[in-house]
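The block underneath contains the structure these notes are about, expressed in C-alpha cells.
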Amino acid sequence: HFVTRRQAAATTPGTPMATEKARQLLARLAATPDAAVPNLPFLHRALLLPLLSAASAASALLRLPVILSSSPLRSRRTLPVPVISVGNLTWGGNGKTPMVDFLARRFHAMGVSPLILTRGYAGGDESKMLRRRLADTSTKIGVGANRAAVGSSMLQKYGHVDPCDAFCREKLACNRVASGKSAKIGVAILDDGMQHRSLLRDVEIVMVNGLTPWGNTHFIPRGPMREPLSALTRADIVVIHHADLACEAQLETIARTVQDSGTTCSVFFSKLAPSHIFEVHQPLQRLSLNVLDGMIVLCVSAIGCPDAFIHTVREIGPLNVDRLDFSDHHFFNDYDLELIQERVRQLVDQHNKQTVVLVTEKDYDRDPDFLRMLGLKVWVLSSSLQIMPLKEQGEDELLRKLKDIITATRHVVQP
C-alpha cells in the first residue's frame with residue numbers, strides 16, 4: 001500500500017511529489033554538460049531544446065537589470081552607510097548566506113552594527129537561519145524584494161553611524177561599546193545582491209563554488225549561470241567556496257578563469273567548518289561532533305550543494321552515511337515524511353543499529369516543526385564559514401581589503 005501510494009503520487013501531475021520530481025529532473029539537466037547529452041534518455045534529451053530556448057531568453061532578461069542600471073536615465077538608490085553586496089554568477093551552493101553570517105559577526109566584533117538586507121526567497125529559510133544564528137549580535141535583518149526601501153526604513157528606525165566614525169581606525173576600538181540590538185547601523189550587507197542593481201554598493205563580493213564553479217556554462221534553466229563570466233569585472237573580491245573539497249589544480253583553474261575575465265579583484269578561499277550538533281527539540285544545546293562516532297546517519301537535505309554536506313559528515317566519521325537529496329529550498333511534505341521514515345527503517349534493519357537523521361541548519365530553519373513530527377532522532381549540523389589562509393590571503397587580509405575599499409569609497413580620512 002505504501003509503495004503504491006508513493007508511485008501514484010510521483011506520477012500524478014500537480015502533486016507535491018510529482019512537482020519535486022520535476023524540479024530534480026530540471027536540476028540534473030541543468031548540471032549535464034553538453035558532452036554527456038548523448039547518454040541521456042530520449043525523453044530527457046527532448047527537453048533540452050525548450051530549455052535551451054528558455055535559456056537564450058533568460059540570458060537577455062538576466063542582463064536587462066545591468067543594462068538598465070548603467071543607463072543615465074535610471075537612477076540608483078544609495079544608502080548613507082557602506083553597502084557590501086554578497087552574490088554569485090550561478091544558482092545555489094556558493095556560500096552566500098554563510099559569508100553574510102561571517103561578515104555580520106566580524107563587523108559586530110569590530111563594534112560596527114550590521115544591517116542585512118535579504119529578499120526572503122522561497123519561504124525565507126536563509127533569513128530565518130541568519131536571524132537565529134545572529135541573535136546574540138547587534139545585527140538587524142530587513143526582508144523584502146525592494147531592498148533599497150527596506151534599508152531606508154531600517155536606517156530611519158535605528159539610525160546610522162557616519163562612515164568616518166564607523167571605519168576610522170582610531171575609533172574602531174571605541175565602537176565596540178555599541179554592541180546591543182539598539183545600536184545604530186554602521187554597514188549594510190546585501191544578501192544575494194549581485195543581480196540587484198538598483199542599489200549602489202561600495203564592495204562587490206562574488207562567491208564561487210569550488211566544486212562546480214560555472215556548471216555547464218549555460219544560462220538558467222539549461223544551466224546554472226545567472227550572468228556571463230564577463231560580469232566578474234564588477235567584482236572587488238572573489239571568494240572560492242568549498243576550497244577544502246577541491247584539488248589544487250581545480251582552484252588554480254578557477255583563479256585563472258577569474259583573472260582571464262578581465263577583473264583585477266582579490267581572490268580568497270573559504271570552507272564550511274562544522275562546529276557542533278543540536279537536537280531539533282533543543283536548538284540551544286551544543287553536542288560534540290563525536291556523538292556521530294559509530295552511528296548510522298541518514299543525511300536529509302534540500303540545499304544547493306548536497307555533496308559538500310555529505311563530504312563534511314563523512315569526514316566527521318560516523319559508521320555509515322546514507323543520503324536523501326531534495327531540490328534547493330524544497331518544503332518537506334507528508335510524502336517526504338513517509339519516505340524518510342521508510343529509509344530509516346531500512347537502515348535499521350540493514351545495520352541492526354539506531355539510525356539518526358542529520359540535516360543542515362538551512363533545512364532546520366525552513367520548517368523545524370516538520371522535523372519534530374518525524375518521530376525519529378533528528379540532529380542538526382551547525383557550521384560556519386572560515387577563510388582559508390591560502391596564497392597569503394587569509395581572514396585578516398580579507399577584512400583589511402574590505403576596510404580599505406570602504407574608506408576609499410566613503411572618503412574616510414585616517415589619522
Side-chain angles (χ1 to χ4, degrees), residues 19 23 26 54-55 57-71 73-101 103-104 113-134 139-158 160 185 187-207 219-221 224-227 231 234-235 302-304 327-331 361-363 365-367:
T19 301
R23 291 179 64 186
L26 286 175
S59 67
L61 290 173
L62 289 168
R63 294 178 195 182
L64 188 59
V66 179
I67 296 171
L68 291 176
S69 67
S70 60
S71 169
L73 302 177
R74 172 103 178 231
S75 62
R76 296 173 67 187
R77 299 283 297 277
T78 60
L79 296 180
V81 297
V83 176
I84 300 173
S85 167
V86 180
N88 56 22
L89 294 184
T90 62
W91 70 15
N94 297 280
K96 293 189 308 295
T97 306
M99 174 56 79
V100 169
D101 176 89
L103 292 174
S113 179
L115 166 64
I116 296 174
L117 296 173
T118 177
R119 60 179 172 164
Y121 175 76
D125 48 14
E126 290 153 347
S127 60
K128 292 174 185 174
M129 184 178 80
L130 288 168
R131 202 178 298 277
R132 176 182 57 81
R133 285 180 56 90
L134 297 169
T139 305
K140 288 88 173 169
I141 299 178
V143 180
N146 188 338
R147 279 168 274 187
V150 173
S152 296
S153 175
M154 297 288 283
L155 288 164
Q156 186 175 14
K157 178 179 180 180
Y158 292 101
H160 67 275
I185 295 165
V187 64
I189 305 171
L190 194 57
D191 182 27
D192 195 14
M194 190 171 187
Q195 288 75 38
H196 186 81
R197 301 287 297 161
S198 63
L199 183 61
L200 280 170
R201 68 282 322 271
D202 297 76
V203 186
E204 186 84 74
I205 298 176
V206 178
M207 304 296 296
F219 278 88
I220 296 171
M225 298 296 290
R226 303 170 74 179
E227 289 192 66
R234 305 202 307 269
I303 56 177
S327 59
D328 197 11
H329 300 289
H330 173 70
F331 272 92
E361 289 180 279
K362 183 176 169 181
D363 296 303
D365 285 300
R366 187 182 306 115
D367 192 354

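Numbering starts at 1 and runs along the sequence shown.
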Looking at [X] and [Y], does any basic side-chain N land under 4.0 Å from a carboxylate oxygen?
X    : Y    : value
E126 : R133 : no
R131 : E361 : no
R147 : D192 : no

Taking all non-hydrogen atoms of both residues, which atom of [X] and which atom of [Y] are closest, and how far apart?
X    : Y    : answer
M194 : S85  : N-OG, 3.5 Å
K140 : S113 : NZ-OG, 2.9 Å
A302 : S327 : CB-O, 3.3 Å
A145 : H196 : O-CE1, 3.4 Å
A104 : P114 : O-CG, 3.6 Å

Once you round to the nearest 0.5 Å, how far does [atom1] of [X] lie from [atom2] of [Y]?
X    : Y    : atom1 : atom2 : result
S198 : N146 : OG    : CG    : 6.5 Å
D365 : K128 : CG    : NZ    : 8.0 Å
L117 : S153 : CG    : OG    : 10.5 Å
I303 : D328 : CD1   : CG    : 8.0 Å
M225 : W91  : CE    : CH2   : 12.5 Å
M154 : I116 : CE    : CD1   : 10.0 Å

Are [X] and [Y] packed together at the side-chain level, in the sense that at least one heavy-atom pair is separated by less than 4.5 angstrom?
X    : Y    : result
K96  : D191 : yes
T118 : I141 : yes
I189 : V86  : yes
V203 : P82  : no
L79  : L199 : yes
R226 : L89  : no
L200 : V83  : no

Item to complete: Run the numbers on L190 and R201 for side chain to side chain contact (heavy atoms under 4.5 Å, CB included), then give the verdict.
Response: CA-CA 9 Å; L190 194 57; R201 68 282 322 271; 3.6 Å; yes
Worksheet item: If we ignore angles and hydrogens, is there a donor and acceptor under 3.5 Å between the side chains of R77 and S152?
Response: yes
Worksheet entry | Under 3.5 Å side-chain donor-acceptor pair for K362 and T97 | no
Practice prompt. Ignoring hydrogens and angles, tell me if any N or O in the side chain of Q195 forms a donor-acceptor pair with the backbone of N88 under 3.5 Å.
Written response: yes
Worksheet item: Under 3.5 Å, is there a donor-acceptor pair between the side chain of N94 and the main chain of G92?
Response: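 Pair found, side chain donor or acceptor close to backbone of G92.
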Practice prompt. For the pair V81 and L115, evaluate side chain to side chain contact (heavy atoms under 4.5 Å, CB included) and give the outcome as yes or no after the intermediate values.
Written response: CA-CA 10 Å; V81 297; L115 166 64; over 6 Å; no
Item to complete: Check the pair V187, L103 against side chain to side chain contact (heavy atoms under 4.5 Å, CB included), reporting the backbone distance first and the verdict last.
Response: CA-CA 10 Å; V187 64; L103 292 174; over 6 Å; no
Discussion item. I'd like to know whether D125 forms a salt bridge (Lys or Arg N to Asp or Glu O under 4.0 Å) with R366, so could you lay out the CA-CA distance, the side-chain angles of the two residues, the decisive distance to 0.1 Å, and finally the verdict.
Written reply: CA-CA 4 Å; D125 48 14; R366 187 182 306 115; 2.9 Å; yes
